[in-house]
Amino acid sequence: KLTVTNQRLVSLLSTFELEYKKRLILNMTARNDWSSTLPVQNRSFFYPSVGLTYIFGDLDIFKDSPLSFGKIRAIYSQTGKDARPYRIASRLVPQTTTGGGFAYDFFGANPNLKPESTEGYEIGTELKVLQNRIGIDFSYYSNTRKDQIVAQRLSYGTGFIFGLLNGGSFNTKGAELSLLLRPVQTDKFSWDFITNFSRFRTRVISLPADQPEFYNSDTWLYSNARASAFVSVEKLQELNQGIFLSGENRGAGSAMAIGGYDALRNKNGDVLISPSNGLPIVNARFLPIGDRTPDFVLGFVNSLNYKNFGVNFTIDIRKGFDVFNGTERFLFLQGLSSKAIDRTKPFVFNGVLRDGNENSDNPTINSIQITPQTRSDFFTAGFAESFFVEKDINLMRLQDLTFSYALSPTTIDKLKAFKNLSIFVTGSNLWLLTYYSGADPMVNGNSAATTGAGAGGFDFGTLASPRSYSFGLRAQF
């Protein structure tokens, strides 16, 4: 079978650069694209950029100071993006069923589709002191994506399943800081140390067709939990009248949320308990129950060299992210979890009774005892997916460790065939410190083929990162 896809993209690009005394540098670009994958009236889209850099480290006022290099920069840019081919009009595709022929494809037409656009800026500085032995690189950025082209499910009454729509605006803000140090430098020994800090948040401004949630169906791996983007708390409560969220509101307004079922709650965020059976009342709506975005990511890279010997290791730290432990939920429902061992001990769910006073100033605290051994619905009906979201997970990982030895120049000269020759031994994922109950919190339930953020933070039958070892030879001829 041969499938031919035709697409035409015509671009016009202009650049301008102005430099003053190798100190002040101005860069400007302007680009216009014409794409065949967009409707005729929207095929043309323009996006410019401008960047300004000022290098000040060699000014006279810093001549006798520890400053070796100094630079500040600012960038503003816009980008555009077209759609996939054959999506603006409904198309016929050949059928492999009996009789053959042609039928309409899954995607419906959208003759008014517009190009997607991103607008953002970045400001930063780079400083080096003490003859470049200490360096700092800092940047702050903000990007807003508008008119995102997304595949939205359509009503089957249209005759199609999907349709490309413009809708949804996200804003990503973040900061990155790198610290470079050379604490020790002698003829025989050197130590280089690099620290990278990053933090970002992607806020949902709006979603297509004013929907409260937009989710990636590839991440709906198990039970009622999936990777979602949710509008703000205020918008969610407006669209879900009478529905209250947990007091934490984790995931609301985030593009990296975990969407799933939660227990019904009162205005204070307390779990509502059924007076008739003592079990939490499940809210069968997809709501934000977690946020996969870490509070920050911190990395340490160390390189130590003594004569011909070298040691390099990397440490990764992540703080404050959520993981849906689907494996634990599956084991719990089957009665195979360690949390389900003691089934004879009475259990009381934390929450308030739904007796009409749940939203009053004095709700009735639940005190109904349940014995799991005599109540099979304790496992199947008592725990919504939100109970299996492990929150504020922290981890520290020894990402890799390498020992190396470089042959001396005298030895290499005798070999004649090489300029440099060294041997090394490397270990990866050697050590992990975390209080996550699963195998590894840094899991992804999908492969790299899944677009967007994928199923990072979804643990369902996913194997932990393996510990591996390797050794080899590096040669330069």
Side-chain angles (χ1 to χ4, degrees), residues 213-230 250-251 254-263 280 282 284-294 297 316 318-343 372 376-400 427-469:
E213 178 202 16
F214 188 82
Y215 69 92
N216 187 338
S217 59
D218 290 343
T219 66
W220 197 344
L221 305 176
Y222 171 67
S223 198
N224 293 305
R226 58 200 185 192
S228 304
F230 284 97
R250 297 182 70 89
S254 172
M256 291 284 290
I258 300 174
Y261 285 5
D262 190 13
V282 176
R285 301 189 188 190
F286 281 91
L287 296 172
I289 58 176
D291 193 343
R292 299 173 291 154
T293 310
V297 177
D316 181 34
R318 295 173 185 263
K319 181 185 182 301
F321 61 99
D322 301 342
V323 179
F324 172 65
N325 195 340
T327 303
E328 176 64 27
R329 176 173 172 79
F330 175 81
L331 294 174
F332 187 83
L333 293 179
Q334 306 301 318
L336 301 174
S337 169
S338 60
K339 297 180 180 179
I341 292 177
D342 192 357
R343 307 180 189 184
S376 60
D377 55 352
F378 173 86
F379 300 99
T380 58
F383 296 88
E385 282 70 13
S386 61
F387 287 88
F388 296 91
V389 175
E390 300 190 28
K391 300 178 180 179
D392 277 326
I393 298 298
N394 303 326
L395 73 82
M396 177 184 291
R397 186 196 304 272
L398 180 57
Q399 195 71 37
D400 57 68
S428 300
N429 294 313
L430 299 178
W431 174 72
L432 174 65
L433 177 63
T434 181
Y435 55 79
Y436 176 63
S437 65
D440 190 339
M442 288 301 296
V443 294
N444 193 324
N446 293 142
S447 67
T450 302
T451 58
F458 286 83
D459 186 0
F460 179 61
T462 308
L463 297 177
S465 300
R467 182 181 293 123
S468 61
Y469 302 92

If only atom types and distance count, is the side chain of [X] paired as donor or acceptor with the main-chain N or O of [Y] below 3.5 Å?
X      : Y      : result
Asn394 : Gly320 : yes
Gln399 : Asp316 : no
Ser228 : Phe230 : no
Ser337 : Lys339 : yes

Are Phe332 and Phe383 close enough that their ring centers fall under 6.0 Å? yes

If I compare all heavy atoms of [X] with all of [Y], which pair ends up nearest, and what's the gap?
X      : Y      : value
Ala257 : Gly251 : CB-O, 3.4 Å
Tyr261 : Arg285 : CD1-O, 3.6 Å
Arg226 : Trp220 : NH1-CZ3, 2.8 Å
Ser223 : Arg329 : OG-NE, 2.9 Å
Gly290 : Asp322 : CA-OD2, 3.4 Å
Phe387 : Pro280 : CZ-CG, 4.3 Å

First locate atom [atom1] of [X], then atom [atom2] of [Y], and finally report the distance between them rounded to the nearest 0.5 Å.
X      : Y      : atom1 : atom2 : value
Ile289 : Phe388 : CD1   : CZ    : 11.0 Å
Leu433 : Met396 : CG    : CE    : 6.5 Å
Arg318 : Ile393 : CZ    : CD1   : 13.5 Å
Met442 : Asn429 : CE    : CG    : 10.5 Å

Considering residues, nucleotides and ligands other than Tyr222, do more than 12 of their heavy atoms fall under 6.0 Å from its OH? yes

What I'd like to find out is whether the side chain of [X] reaches to under 4.5 Å of the side chain of [Y], using heavy atoms alone.
X      : Y      : answer
Pro441 : Leu432 : yes
Arg343 : Phe379 : yes
Asp440 : Asp459 : no
Asn444 : Thr462 : no

Checking Ile258, Val323, Asn325 against Phe458 for side-chain contact (heavy atoms from CB on, under 4.5 Å), the one that qualifies is Ile258

Donor-acceptor pair between Glu390 and Ser437 side chains, under 3.5 angstrom: yes

